[in-house]
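First comes the structure, then the notes that go with it.
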Amino acid sequence: MTAMAEELTMDGLGRLLQQRYDEAAEHIRLESQVRSELNVAQQGPGDIADAGSLASESAQHDLVSAALHEQLHRLEAALVRWQAGTLGTCETCDGRIPVGRLEIMPWATQCVPCQSAADRGR
Ligand SMILES: [Zn+2]
């Protein structure tokens, strides 16, 4: 009996990417909502201690939001590659990138050996 996890197809991967993209976009939307509420709170009357904690909260939201935008950008690039049919092809050796790797790192543009070689050369 094989205990292997069912292998993800490229179609499945595309759906997964789209889903993650939607989730990230939704997360960004919620994040900016929270952020604008914080802005309103910052502009309103309040004591100095409040202003300080609001400012650090805002800074945290900026970090989260930057990370989310980065992720969205990578997912978008991966989706474009998926639509073009180049997702899963190593940019360096033209070999196949395992779908399992793409599932974890959909923005991977190199197979594992090429990536480690590039990392070593850095
Ligand atoms: Zn390669």
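Numbering of ligands and ligand atoms starts at 1, following listing order. Because the structure is predicted, anything quoted here is derived from the model rather than measured.
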Take the Zn ion (ligand 1) and tell me which protein N, O or S atoms are nearer than 2.8 Å.
Cys90 SG, Cys93 SG, Cys111 SG, Cys114 SG

Which residues satisfy the salt bridge (Lys or Arg N to Asp or Glu O under 4.0 Å) test with Asp62, sequence neighbours excluded?
Arg35

Ser65 backbone acceptor or donor facing His69 side chain under 3.5 Å:
yes

For the pair Trp82 (side chain) and Met10 (backbone), establish whether a donor and an acceptor sit closer than 3.5 Å, ignoring hydrogens and angles.
yes

Residue list, side chain to side chain donor-acceptor pair (under 3.5 Å) with Asp94, at least two apart or on another chain
none

Please tabulate, for the side chains in residues 95-103, all donor-acceptor contacts under 3.5 angstrom to protein atoms that are two or more places apart in sequence or on a different chain.
unit_1: Arg101; atom_1: NE; unit_2: Gln110; atom_2: O; d: 3.2
unit_1: Arg101; atom_1: NH2; unit_2: Gln110; atom_2: O; d: 3.1

Any carboxylate oxygen within less than 4.0 angstrom of a Lys/Arg side-chain nitrogen, looking at Glu23 and Arg20?
no

